[in-house]
Protein chains: 2
Amino acid sequence: MQRKSWATENCPMARSVDILGDWGSLMILRQAFSGTTRFDDFQKELDLSRNLLTARLKKLVERGVLERRLINEDGRRHEYVLTEMGEDLLTTVVALRQWGDRWLFKPDLPPVTMVDARDGREIQQVHIHAADGRELTRSGLRLRPRVPESAS
Amino acid sequence: MQRKSWATENCPMARSVDILGDWGSLMILRQAFSGTTRFDDFQKELDLSRNLLTARLKKLVERGVLERRLINEDGRRHEYVLTEMGEDLLTTVVALRQWGDRWLFKPDLPPVTMVDARDGREIQQVHIHAADGRELTRSGLRLRPRVPESAS
DNA sequence: CCGTATCCATTCCGATACTG
DNA sequence: CAGTATCGGAATGGATACGG
């Protein structure tokens, strides 16, 4: 166990990173979101060793992000599909993608854009919203502990 | 070089993960967003080895996410502050946090909530928006290559 | 098509000790 | 306070070969 105890401690970020922080996991998710479901397809598209892919898929299934389903009764075909929990990672994946687009490809153009399926226009940035719908930036955010130490 | 070539290839996700995917990097970012700037503060709050912290901070500075600044002229005090590029990771960090809250702490309560600084109410989920402001889910998204193979 | 098993070089990372 | 240097055990991950 290299990773420190806080890996699974009382922090949502830490727990999330513990699941997705493995090298390759997010790539698998990206592929899953673009429709890949089969082991060999993941393997070819991502060009990672079968070993690693096995481990990553297993972990993602164990943690509930992907579901492994049997396709063919007589065959041994399986497919890996996003669970509801997995689908819910869309905002994270898109946010990361967008950040990469903006800062890592500047001034290049990213190879792929994400568009609205309805009108074909590029999607806007992922935003954080207040309860009243107002858009928030960092200064508009505040952390509040669940259990105040004094009487805050 | 363990990581495959696609680490720095033509994919924004891959490039992003290459910067943030190191174990601990996102934790450092989280701390940075909550106001930590000093080496020893990071070290105590995250409880990771000075070695690792040095490496992570260096990498984040090199990649342009953090900036290292001298505080005191005669002393050797430094501070690490988020660059604009780093600040722009807020949505990603929040999205990841929220996902952890929703799926990894259920039915527990997360230890900390994020609230609107103005009215103290909890923030809403991070959303993806279309050009017309409409909220999008996975089915409403489509990937479009920059270089169409045929004539799209 | 979908993995598993074994091997082995490389890397990671905490512990510890040491500088300015 | 803010690192750097060195060490050693543990984990990583690709290559390869094998099985259902």
Side-chain angles (χ1 to χ4, degrees), chain A residues 1-9 14 17-29 31-32 35-63 66-81, chain B residues 1-9 14 17-29 31-32 35-63 66-81:
Chain A
M1 186 69 168
Q2 275 167 280
R3 292 173 172 177
K4 299 295 289 271
S5 55
W6 44 270
T8 49
E9 256 172 32
V17 171
D18 192 42
I19 293 182
L20 306 170
D22 284 316
W23 178 243
S25 291
L26 275 167
M27 296 299 150
I28 291 176
L29 263 300
Q31 287 313 111
T36 303
T37 59
R38 311 294 289 276
F39 186 94
D40 275 30
D41 290 337
F42 281 114
Q43 203 265 316
K44 281 168 203 145
E45 288 160 5
L46 296 176
D47 187 34
L48 36 73
S49 69
R50 311 180 70 76
N51 237 344
L52 184 56
L53 181 58
T54 299
R56 291 291 180 270
L57 287 175
K58 184 180 293 182
K59 182 173 180 182
L60 289 172
V61 168
E62 278 171 359
R63 304 304 184 92
L66 293 178
E67 187 192 349
R68 187 194 189 207
R69 288 202 297 232
L70 201 62
I71 287 186
N72 204 341
E73 302 249 342
D74 46 338
R76 287 162 301 284
R77 325 271 163 122
H78 298 95
E79 60 174 0
Y80 294 88
V81 293
Chain B
M1 188 70 169
Q2 275 167 282
R3 292 171 175 178
K4 300 294 289 271
S5 55
W6 44 270
T8 49
E9 256 172 33
V17 170
D18 192 42
I19 293 183
L20 306 171
D22 283 318
W23 177 243
S25 292
L26 275 168
M27 295 300 150
I28 292 175
L29 263 300
Q31 287 312 111
T36 303
T37 59
R38 312 294 291 274
F39 186 93
D40 274 31
D41 289 338
F42 281 114
Q43 203 266 317
K44 281 168 202 144
E45 288 160 5
L46 296 176
D47 188 33
L48 36 72
S49 71
R50 311 180 70 74
N51 239 343
L52 183 57
L53 182 57
T54 300
R56 291 291 178 270
L57 288 176
K58 185 180 293 182
K59 182 173 181 182
L60 289 172
V61 167
E62 278 169 0
R63 305 302 185 94
L66 293 178
E67 186 192 350
R68 187 192 188 210
R69 288 203 297 234
L70 202 62
I71 287 187
N72 203 340
E73 302 248 343
D74 45 338
R76 288 160 299 286
R77 324 274 162 120
H78 298 96
E79 60 174 1
Y80 294 87
V81 292

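So that the names make sense, note that chain A is the first sequence line, chain B the second, and so on, each numbered from 1. Worth saying up front: this structure is predicted, and the values here are computed from it rather than measured.
Checked against dC2(C), dA2(D), dT4(D), the side chain of Asp40(B) finds its nearest nucleotide in dA2(D). The side chain of Leu52(B) approaches dG14(C) more closely than any other nucleotide in the set dG3(C), dC1(C), dG14(C). Each of dT4(D), dG14(C), dC2(C) was ranked by its minimum atom distance to the side chain of Phe39(A); first place goes to dC2(C).
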The dot-bracket string of DNA chain C, counting Watson-Crick and G-U wobble pairs with both distances under 3.5 Å, using [ ] for crossing pairs and | for pairs to another strand, is |.||||||||||||||||||
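Taking atom CG on Leu60(A) and atom P on dG3(C), their separation rounds to 13 Å, with Å as the unit. One interatomic measurement links the two molecules: CG of Leu70(B) to P of dA2(D), which rounds to 11 Å at whole-angstrom precision. Taking atom CG on Leu46(B) and atom C1' on dG14(C), their separation rounds to 15 Å, with Å as the unit. The CD1 atom of Ile28(B) sits 13 Å away from the C1' atom of dC13(C) (whole-angstrom rounding). The interatomic distance linking Lys58(B) (NZ) with dG3(D) (P) rounds to 10 Å, in whole Å. Note: CD (Gln43(A)) to C1' (dT16(D)) measures 13 Å, nearest angstrom. Rounded to an integer number of Å, the gap from CG of Asp18(B) to P of dT11(C) is 14 Å. For the pair Leu57(B) CG and dT4(D) C1', the interatomic distance rounds to 14 Å; values are reported in whole Å.
Contact between the side-chain N/O atoms of Arg68(B) and the OP1/OP2 oxygens of dG3(D) is found at a separation under 4.0 Å. Under 4.0 angstrom from either OP1 or OP2 of dC2(C) there lies at least one side-chain N or O belonging to Arg38(A). Side-chain nitrogen and oxygen atoms of Thr54(A) include at least one within less than 4.0 Å of the OP1 or OP2 phosphate oxygen of dT4(C).
For the atom pair CG (Leu60(A)) and CD1 (Ile19(A)), the distance works out to 8.5 Å, reported to the nearest 0.5 Å. In this structure, Leu29(B) CG and Thr36(B) OG1 are separated by 11.5 Å, a value rounded to the nearest 0.5 Å. Atoms CG and CD, from Leu66(A) and Glu79(A) in turn, are 11.0 Å apart once rounded to the nearest 0.5 Å. Note that CG of Leu53(A) is 10.5 Å distant from CD of Glu45(A), once rounded to the nearest 0.5 Å. To the nearest 0.5 Å, the span separating CG on Leu46(B) from CD1 on Ile28(B) amounts to 6.5 Å. Considering CZ of Arg77(A) and CZ of Arg38(A), their distance stands at 6.5 Å, rounded to 0.5 Å.
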What pairs of nitrogen or oxygen atoms, one from the protein and one from nucleotides 16-20 of chain C, lie under 3.5 Å apart?
unit_1	atom_1	unit_2	atom_2	d
dG20(C)	N2	Arg76(B)	NE	3.3

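Panel note: side chain Gln43(A), backbone Leu48(A); a donor-acceptor pair is recorded below 3.5 Å.
The side-chain hydrogen bond (donor to acceptor under 3.5 Å, both in side chains) search around Asp40(A) returns Arg50(A), not counting sequence neighbours.
Taking the P atom of each, dA17(D) and dC2(C) are spaced 22 Å apart, rounded to whole Å.
Within the nucleic acid shown, Tyr80(B) comes within 4.0 Å of sugar-phosphate atoms alone, with no base atom in reach, counting heavy atoms only.
Looking at Arg63(B) and Asp18(B), their side chains come closer than 4.5 Å, going by heavy atoms from C-beta outward.
Judged by closest nucleotide on DNA chain D, His78(B) is the one of His78(B) and Arg56(A) placed further toward the 5' end.
Taking each heavy atom of Ser25(A) and Arg56(A) in turn, the nearest pair found is OG-CD, 3.2 Å.
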